[in-house]
Amino acid sequence: IRQLVKQRRPLGFPPGPSPIPVIGNIMSLATEPHVFMKKQSEIHGQIFSLDLGGYSAVVLNGYDAIRECLYHQGDVFSDRPSLPLFMKMTKMGGLLNAKFGNGWIEHRQLASNSFRYFGSIQKPLDQKILEECMFFVDAIDEHKGKPFNPKHLVTNAVSNITNLIIFGERFTYDNCDFQHMIEIFSENVELAVSGWAFLYNAFPWIEYLPFGKHQKLFRNAAKVYNFLEQIIKRFSEGRVSNFPRHYIDEYLNKLDKSAGDLGTSYSRENLIYSVGELIIAGTETTTNTLRWAMLYMALYPNIQEKVHKELDSVLGSGQSPSLADKKRMPYVEAVLHEVLRFCNIVPLGIFRATTQDTLVSGYNIPKGTMVITNLYSVHFDEKYWCDPGTFSPHRFLDSNGNFVRREAFLPFSLGKRHCLGEHLARMEMFLFFTTMLQRFHLQFPSGTVPSLTPKLGMTLQPLPYSICAVRRQQ
Ligand code: HEM
């Protein structure tokens, strides 16, 4: 086996920890893979390799290595790896997992145009987000300051913003079918980096084993796609080709126009994949950020007090926050940035692959190599951050209290495949966070402090916790 693994690594391939026969380094990824990888980079260097059971992946650590590859060699590091799991899930089509090429360009452009256009159809997007914020804080108010788990409420509110763009409407917070779909979809985000998923990628024949978490992943995916197919059908009823109402209409227009064109990537199947990817990429990440932000506000009442002070001085009690206020709220900006840095919502980014043979820092990396971007290691890079293990919004402020951008801050990654929803996510986080904290004081039920240990998956989320949102006296 060793021989076989070696054969797959060309001369000059980055070194890495010794693999166990057959399964390579897969077992080391079971607990906190991003932390394990950062530790390994201290031994083997910022660029090292892992054996994932017969195939190799290159891991990029620290800001310098990630910038070197994702930015300076942008075209080379912009593919997605053709792993058996991804092939089975989306056949490397759709948007997020699409191979770097025409299909990806068509879907990325269509999505980003739709965000711009359907986001602000009828009224500006920030106003629509604010309307959702009102539903959100009113729903929180129903708990009357008593302990509740905010997970479902945050998920529903956040997913409604992408729903507006994709389906042209919001879903009420009691829509159980939609909630169930999101729930099993996010379970898959967790399962996608489980040991079983890595094993499936190394040994696809385990598909035929009747047990294992990968089976759950396949069952969930089938249910999600089935649900999406039906909902897409429902929302495309009454479509008039020159008057698209939302992303689905626009996609179907493109599909009609490209009929007979052999080179097109638009298809019914890719519509389902891209809708699913936009829903989950938009919901899971922003929801987790807001859930961590709530948790840290309750954990650090002194930081929360400063947020309240800034909100009161900029808005007073009656006025709702708006995007225009962002510039006048450097402390809120600093807090949200520190949550993104410290909590590492997508700790390993989304796996990349090389489009051609390349040379980086003296290492040979062949075409098609899977590349893992350890974004956590950027946010904990001692070269750029002082005392990175401390939660401190002040690192984003200068001595006059102005907000300062920091270079080694990459929660949305970098380069050609960087997050498509960054702009939208920033708007949502600011408006949801400020609307919520303007109305409430957040605290844990007396005598409790929740765990800060994240639940592992493609994204990091807090374990379920209870919190009290007590109306503020203004
Ligand atoms: C990709 C983070 C919100 C849509 C990504 C990537 C990261 C990321 C790290 C991987 C990029 C890479 O390959 O290196 C985040 C964070 C968010 C967020 C931290 C919120 C706090 C959103 C939202 C949407 C979205 C709101 C849209 C509704 C996407 C898409 C991709 C992506 C479509 C794939 C891009 C491509 O392959 O070309 N995001 N994201 N994200 N994100 Fe986000």
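Nothing here was measured: the structure is a model prediction, and the numbers come from that model. For ligands, and for the atoms within them, numbers begin at 1 and follow the listed sequence.
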key: Centroid separation Tyr273 to His107 less than 6.0 Å   = no
request  = Write out the residue and atom name of the closest protein heavy atom to atom 6 (C) of ligand 1, then the distance separating them to 0.1 Å.
outcome  = Ile350 CD1, 3.9 Å
From Asn113 atom CG to Arg108 atom CZ, the distance as rounded to the nearest 0.5 Å = 11.5 Å
Whether Asn270 side chain and Tyr266 backbone form a donor-acceptor pair below 3.5 Å = no
task = Give the contacting part of Arg352 toward ligand 1: side chain, backbone, both or neither, where contact means a heavy-atom distance below 4.0 Å.
result = side chain
query = In Å and rounded to the nearest 0.5 Å, what is the CZ to NZ distance from Phe185 to Lys223?
reply = 14.0 Å
ask   = Do side-chain atoms of Trp292 reach the backbone of Thr287 as a donor and acceptor pair under 3.5 angstrom?
value = no
Cation-pi check, Arg80 onto Phe100 ring (under 6.0 Å, within 45° of axis) = no
request  = Decide whether the shortest distance between a heavy atom of Thr373 and an atom of ligand 1 is less than 4.0 Å.
outcome  = no
request  = State yes or no: are the ring centers of Tyr363 and Phe13 separated by less than 6.0 Å?
outcome  = no
remark   = Counting heavy atoms under 4.0 Å, the part of Leu414 that contacts ligand 1 is neither
key: Centroid-centroid distance, Phe118 to Phe167, less than 6.0 Å   = no
request  = Run the numbers for me: atoms of ligand 1, each under 4.0 Å from some heavy atom of Pro411, listed by number.
outcome  = 2 (C), 9 (C), 19 (C)
query = Side-chain contact, heavy-atom cut-off 4.5 Å: Phe433 with Pro321?
reply = no
ask   = Going by the angle between their ring planes, with limits at 30° and 60°, are Phe342 and Phe391 parallel, tilted or perpendicular?
value = perpendicular
ask   = For ligand 1, which atoms, with element, lie under 4.0 Å from some heavy atom of Leu278?
value = 28 (C)
ask   = What protein heavy atom is closest to atom 28 (C) of ligand 1, reported as residue, atom name and distance in Å?
value = Thr162 CG2, 3.2 Å
ask   = In the protein, which heavy atom is nearest to atom 27 (C) of ligand 1, and how far is it?
value = Phe115 CE2, 3.6 Å
inquiry  = At under 4.0 Å between heavy atoms, is it the side chain or the backbone of Leu96 that contacts ligand 1, or both, or neither?
reply    = both
task = Measure the distance from atom 11 (C) of ligand 1 to every protein heavy atom, then report the residue, atom name and distance (to 0.1 Å) of the closest one.
result = Arg417 O, 3.1 Å
inquiry  = Return the closest protein heavy atom for atom 21 (C) of ligand 1 as residue, atom name and distance.
reply    = Thr289 OG1, 3.4 Å
ask   = Does Arg406 make a cation-pi contact with Tyr63 (under 6.0 Å, within 45 degrees of the axis)?
value = no
inquiry  = Counting non-hydrogen protein atoms only, what is the nearest one to atom 13 (O) of ligand 1? Give residue, atom name and distance.
reply    = Arg80 NH1, 2.8 Å
message = Would you say that Ile248 contacts Ser236 through its side chain, given a criterion of any heavy-atom pair below 4.5 Å between the two side chains?
response = yes
message = Using the ring centroid of each side chain, check whether Phe409 and Phe396 are separated by less than 6.0 Å.
response = yes
Any Phe351 heavy atom less than 4.0 Å to ligand 1 = no
Residue, atom name and distance, where the atom is the protein heavy atom closest to atom 35 (C) of ligand 1 = Arg108 NH1, 3.3 Å
request  = Could you establish whether Thr283 and ligand 1 come within less than 4.0 Å of each other, counting only heavy atoms on the residue side?
outcome  = no
query = Closer than 2.8 Å to atom 43 (Fe) of ligand 1, how many protein N/O/S atoms do you count?
reply = 1
